[in-house]
Number of protein chains: 2
Amino acid sequence: MADVAKLAGVSHQTVSRVLNGAPHVRPGTRERVLAAIRELDYRPNSAARALVTRRSQTLGVVSFDSTLYGPASMLDGIERAARTADYFVSVASLRSLDSRSVQEAVDRLLDQGVEGVVVIAPQISAVSALAKLSSSVPVVAVGSGSRSRMPMVSFDNRAGAEVATRHLLDLGHRTVHHLAGPAGWMESRDRQDGWRQTLEAGGARVPRVGSGDWSARSGYEAGLRIAHDPEVTAVFCANDHMALGLLRALHEAGRAIPGEISVIGFDDIPEAAYFTPPLTTVRQDFGELGRRALELLLEELVGVAHTRNHVQISPEMVLRRSAGPARRD
Amino acid sequence: MADVAKLAGVSHQTVSRVLNGAPHVRPGTRERVLAAIRELDYRPNSAARALVTRRSQTLGVVSFDSTLYGPASMLDGIERAARTADYFVSVASLRSLDSRSVQEAVDRLLDQGVEGVVVIAPQISAVSALAKLSSSVPVVAVGSGSRSRMPMVSFDNRAGAEVATRHLLDLGHRTVHHLAGPAGWMESRDRQDGWRQTLEAGGARVPRVGSGDWSARSGYEAGLRIAHDPEVTAVFCANDHMALGLLRALHEAGRAIPGEISVIGFDDIPEAAYFTPPLTTVRQDFGELGRRALELLLEELVGVAHTRNHVQISPEMVLRRSAGPARRD
DNA sequence: GAGTTGTTTGTTAACGCTAACATCTACGCT
DNA sequence: AGCGTAGATGTTAGCGTTAACAAACAACTC
């Protein structure tokens, strides 16, 4: 910076002024400084700036399995939003979701000097870990739906489950089976609750729930178990991947979809439209979720009075061909 | 830090010494300092440290569409590897893949003071942008396969295409059609080259290639076009998503798979095993790829003599049910 | 023309840390 | 005892930036 100042014939402070767009710099001077900067290919040192301003311009994201479509999309949305707000994004992905790991990841980020943290951690344990995390910086959770006091943005999983279940009931199915996600996940719980409530409200019998681990494999295994159960005419799966596995198992067992069994998923992953048959599902806009999370974090950062601590986004049903009317026999 | 020093009754330099594990600190003193650190919940300021050491402990990753399974997995692999090497990772995702965007993203990262950059940028234009990028820090490209001088790690896409094509030929198919990826991508080009060479080596006719944009939708559209072409008995798709769309279109047209048409994909995404039918494909271990890229970057960072500038990983064929023997009629 | 105001620039002092050197102790050797 | 040596600690000076203040100058006002 001293070099630039010398070349432009001004003091280093004036250089700093043009860099930061401070007022009261004569246009001619500004030009000379800019020219010197280009000439020397000068880049301000962010560490020095961070040291004196006490702002790192960096936000942290801790993510669980960023290989999955949901987390990856949220991360993407967060990054995009952060960039437009002129922040950098540093990621820390978790190996496992116990509260120690979450703590550790947040610590790591804090050590780096992030100004705020977004946690993509849908497990109940993770959120409770966060709740007791006395962080020096704002933290917002995303993708979960707990009732904790922590700021968070999530989908209305319950409402999503309701429309899916209702849709099936309206199609004439006597009841709807449910393939839930793994225990401990907020999404699993809320979707299951929504499903159950809808069944009860509709006066339908509530069958035993199966559960998987979100993977297609686990959906397949569940499918094997129910394929020959004549009771089952409609299944609401907690996510599309499991629905895919279920479809596969049903297909192998020779069951017609939706002729004999209707299936609805959750997420609307890009592939869902090309399953056999194309999957009726509940769409979540993960990118939007990430964006909103960052928005909320930014608000906390500037200390806006808590307008709204929880943001909920409504899911939207996508009708395709895997769900149809119940057979009248 | 001064507070810690005072509490422990030592100088700030001694605190620095225990923080950095410097030798010549009496165990008793170290204990007192550690206790003071815990007591005050002190965290070293990374900006100050970066300023004086000139090392940010941060690596940058620029990624194209981190929503896709491949990039997301690589990012994940990179992050994990970076963490074990005690680096932070900062991400910048691109909107588009023109050379200006790449330039911009790398600049952004550089402004932040990263010590090195991994670019997940499979487009030819991106790599050529990198080549002329005179960066002050090491850069490695990943997932591509150009012949440029830039350090990079990639899959041997050509070899992958060869085994897939050969497999189909060995199954008795007179020739193999190809559904290529979009123009401008290194993966598209290399896979297509591998396919073509194998056909030529086997004395088979080289049919016209179709091409998609990696999406299931584009695969579906291509499928619609070839579904009624009796010439087509085997298709090698440049990725699994397009294969999924193709499968769908073929299914709708009533073509039996693999009875009438065999299909092979590329990537082995987690869902591939549950397609209808389960997809024979070529597996890429994206996580491994990311890890290796980081390894290479780390080597550059410590200035190891260029042992090997290009790392290539061999893909592996995964046999499932979508490819079978040609009908003898 | 002296005082007042506003614009433009420069000077100095941090920010929190580590590197380099300086100092002080304890110990062993002759 | 005197000296050298190594270990343990302290002191000082930066790293590159911005904040706060100071100074110089121009343009007004009355």
Side-chain angles (χ1 to χ4, degrees), chain A residues 1-37 39-58 86-88 108-115 136-137, chain B residues 1-37 39-58 86-88 108-115 136-137:
Chain A
M1 180 152 164
D3 298 344
V4 173
K6 194 181 299 172
L7 182 58
V10 297
S11 74
H12 64 119
Q13 179 60 297
T14 299
V15 176
S16 170
R17 276 193 265 261
V18 335
L19 246 26
N20 295 291
H24 307 320
V25 176
R26 214 178 312 186
T29 321
R30 156 170 283 116
E31 271 319 311
R32 279 208 323 280
V33 171
L34 257 18
I37 289 177
E39 167 86 15
L40 299 177
D41 193 25
Y42 162 78
R43 278 173 197 281
N45 179 314
S46 64
R49 178 177 283 174
L51 180 56
V52 66
T53 59
R54 297 151 168 295
R55 309 207 37 202
S56 62
Q57 297 286 70
T58 302
D86 238 347
Y87 275 96
F88 298 105
R108 222 176 100 75
L109 256 13
L110 253 29
D111 281 344
Q112 198 196 1
V114 297
E115 295 180 36
S136 42
V137 304
Chain B
M1 179 151 166
D3 298 344
V4 173
K6 194 181 299 173
L7 182 59
V10 297
S11 73
H12 64 119
Q13 178 59 301
T14 298
V15 176
S16 170
R17 276 193 265 260
V18 334
L19 247 24
N20 296 291
H24 307 319
V25 176
R26 214 174 317 183
T29 320
R30 157 171 284 116
E31 271 319 312
R32 282 210 318 282
V33 171
L34 256 19
I37 288 177
E39 167 86 16
L40 299 177
D41 194 25
Y42 161 79
R43 278 173 197 282
N45 179 312
S46 64
R49 179 177 281 174
L51 180 57
V52 66
T53 60
R54 296 152 170 295
R55 309 209 36 203
S56 63
Q57 296 287 69
T58 301
D86 238 346
Y87 274 96
F88 298 105
R108 221 175 101 74
L109 256 13
L110 253 29
D111 281 344
Q112 198 194 1
V114 298
E115 294 180 36
S136 41
V137 305

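Order of the sequence lines sets the chain letters (A, B, ...), proteins ahead of strands, with each chain counted from 1.
- In the set dA13(D), dT18(D), dG16(C), dG16(C) carries the atom at the smallest distance from any side-chain atom of L51(A).
- Comparing dC17(C), dT17(D), dA20(D) against the side chain of P44(B) picks out dC17(C) as the nearest.
- Between T14(A) and dT8(C) there is no side-chain polar atom (N or O) within less than 4.0 angstrom of OP1 or OP2.
- With hydrogens and angles disregarded, no donor-acceptor distance shorter than 3.5 Å links the side chain of T29(A) to the backbone of V25(A).
- Of all nucleotides listed (dG10(C), dT18(D), dC17(C)), dC17(C) comes nearest to the side chain of V52(B).
- When the C1' atom of dT18(D) is taken as reference, atom CZ of R54(A) falls 12 Å away, rounded to whole Å.
- When all heavy atoms of S46(A) and Q112(B) are compared, the pair lying nearest together is OG-O, 2.9 Å.
- A donor-acceptor distance shorter than 3.5 angstrom exists from the side chain of E115(A) to the backbone of S56(A), with no hydrogens or angles considered.
- For R49(A), the side-chain atoms get nearest to dT18(D) when compared with the rest of dT18(D), dT11(C), dG16(D).
- Taking atom CD on Q13(B) and atom C1' on dT23(C), their separation rounds to 14 Å, with Å as the unit.
- Counting only heavy atoms from C-beta outward, the side chains of V4(A) and L7(A) never approach each other to under 4.5 Å.
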Practice problem: I would like to know whether R49(B) and N20(B) meet side chain to side chain contact (heavy atoms under 4.5 Å, CB included); could you show each step before the answer? | Solution: CA-CA 11 Å; R49(B) 179 177 281 174; N20(B) 296 291; 3.8 Å; yes

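- Atom CG in N45(A) sits about 18 Å away from atom P in dC15(C), given to the nearest Å.
- For the contact set between residues 15-35 of chain A and DNA chain D, defined by any heavy atom under 4.0 Å, the members are S16(A), N20(A).
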Quiz item: Stepwise, does the side chain to side chain contact (heavy atoms under 4.5 Å, CB included) test hold for T14(B) with R17(B)?
Solution: CA-CA 5 Å; T14(B) 298; R17(B) 276 193 265 260; 4.1 Å; yes

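- Listed for the R32(B) side chain is a donor-acceptor partner under 3.5 Å among the backbone atoms of A8(B).
- Note: CE (M1(B)) to P (dT11(D)) measures 14 Å, nearest angstrom.
- Regarding Q57(B), its CD atom lies at a distance of 12 Å from the P atom of dT18(C), rounded to whole Å.
- dT17(D) atom C1' lies 9 Å from atom NE2 of H12(A), rounded to whole Å.
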